[in-house]
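Right, one structure below, let's go through it.
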Amino acid sequence: ATVKAVAAPIRADKIPGLQQIYVMGEEGSSISAEAARDLGTALARGGGESGVSAVGLQDFESGQPLESGTGLNSLFSGIVSGRGVLPSLQSLSVSYKEDVLSVPTLADCITKGKFPHLRTLNLNHDAQQQSDLSLGQEGMQCLTLALCSPSAKSLRSLAFMTLKIADTPRYRAAHVSHITLLAFAFSFGQLGGLQELHVRMVF
């Protein structure tokens, strides 16, 4: 209810000066998929003929409520479906559990130019530095595709965590695959402006 209540004035352009959104909560708290999608759609609603969001959002940081269930996936789906873009967004910080359900929709947001001036993308934001956060194989593939798109040119800082690495042939092969995908993303030429790269490998 709280998220939908916030989405309504955003959609109505009642808080055009909004620059930061932090979605936090206690362990076990969650936001419904419907509410998260409603927020995403409101943020990317677009105003007038320009299709530019009326909200000057610069910084978005997710937390436990959005990262439970399908919250992040629904949020990014809402942004993708919105007719506008978020031109002021410069920093996006989220974390993923190993199901990486929401990475494909985040990749869609990037490749479709929803964040045209995004400078900082942090995909292992975790205040407790828990060791169970990682992109996983599917997530790394989706991230690579997004980083190969022209929309990734604005990035200056990128941080993410690779999968857990165990001393088995399967995990060693997956680790090599991650590094290969990262190298491919750099060779594609869209990340020439990157100034900071943080890759956290979990053993």
Side-chain angles (χ1 to χ4, degrees), residues 2-25 29-47 51-97 100-128 133 135 139 142-143 146-147 149 151-161 196 198:
T2 302
V3 173
K4 291 183 74 68
V6 171
I10 291 177
R11 184 178 294 105
D13 299 339
K14 298 297 185 183
I15 43 178
L18 182 65
Q19 295 184 5
Q20 298 177 323
I21 293 181
Y22 298 94
V23 183
M24 301 299 169
S29 60
S30 64
I31 293 173
S32 72
E34 179 184 0
R37 182 179 176 83
D38 195 39
L39 177 60
T41 303
L43 289 171
R45 184 185 65 79
V52 175
S53 173
V55 176
L57 185 65
Q58 297 179 12
D59 188 2
F60 182 91
E61 180 178 321
S62 74
Q64 176 65 33
L66 271 176
E67 291 156 10
S68 299
T70 59
L72 274 175
N73 184 61
S74 299
L75 175 77
F76 293 134
S77 293
I79 292 175
V80 168
S81 67
R83 63 189 179 92
V85 301
L86 281 72
S88 299
L89 187 66
Q90 297 185 25
S91 177
L92 177 62
S93 298
V94 297
S95 60
Y96 293 97
K97 301 302 181 183
V100 296
L101 177 65
S102 53
V103 180
T105 50
L106 171 58
D108 276 348
C109 286
I110 295 173
T111 56
K112 292 180 179 179
K114 294 294 183 176
F115 312 137
H117 299 120
L118 186 66
R119 295 177 61 86
T120 299
L121 180 60
N122 185 349
L123 299 183
N124 65 319
H125 174 74
D126 178 37
Q128 282 74 44
L133 301 177
L135 280 176
C142 294
L143 175 62
L147 296 179
S149 73
S151 299
K153 286 184 176 180
S154 64
L155 284 177
R156 297 296 179 266
S157 177
L158 173 65
F160 64 92
M161 182 184 296
E196 295 182 359
H198 304 270

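In this structure, the side chains of N122 and L92 stay at 4.5 Å or more apart for every pair of heavy atoms. Side-chain contact check for L43 versus L89: every heavy-atom pair is 4.5 Å or farther apart. Taking the side chain as every heavy atom from C-beta outward, L72 and L106 never approach each other to under 4.5 Å. In this structure, the side chains of C109 and V80 come closer than 4.5 Å at one or more pairs of heavy atoms.
To the nearest 0.5 Å, atoms CZ (R119) and CD (E196) are separated by 10.0 Å. The CG atom of L147 sits 7.5 Å away from atom OG of S149, with the distance rounded to the nearest 0.5 Å. To the nearest 0.5 Å, atom CD of residue Q90 and atom OG of residue S157 are 12.5 Å apart. Here the OG atom belonging to S91 is positioned 7.5 Å from the CG atom belonging to L118, to the nearest 0.5 angstrom. Distance check, rounded to the nearest 0.5 Å: NE2 of H117 to CG of L155 gives 12.0 Å.
Side chain of S151 to backbone of I110: a donor-acceptor contact under 3.5 angstrom is found. Proximity of a side-chain donor or acceptor of R45 to a complementary backbone N or O of I10 within less than 3.5 Å is not detected. Side-chain atoms of K114 never come within 3.5 Å of backbone atoms of P87 as a donor-acceptor pair (strictly under, hydrogens ignored). Put simply, the side chain of R156 gets close to the backbone of S154: a donor and an acceptor are under 3.5 Å apart. S74 contributes no side-chain N or O that, together with a main-chain N or O of E34, makes up a donor-acceptor pair within less than 3.5 Å.
Across all their heavy atoms, A42 and A7 have their closest contact at CB-O, 3.6 Å. Here the shortest heavy-atom pairing between L57 and D59 reads CD1-O, 3.6 Å. Of all heavy-atom pairs spanning S77 and T105, the tightest one is OG-CG2, 3.4 Å.
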Take D38 and R11 through the side chain to side chain contact (heavy atoms under 4.5 Å, CB included) test and state the conclusion after the steps.
CA-CA 9 Å; D38 195 39; R11 184 178 294 105; 2.5 Å; yes

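Counted by atom type alone, E61 and S93 present zero donor-acceptor pairs between their side chains at under 3.5 Å.
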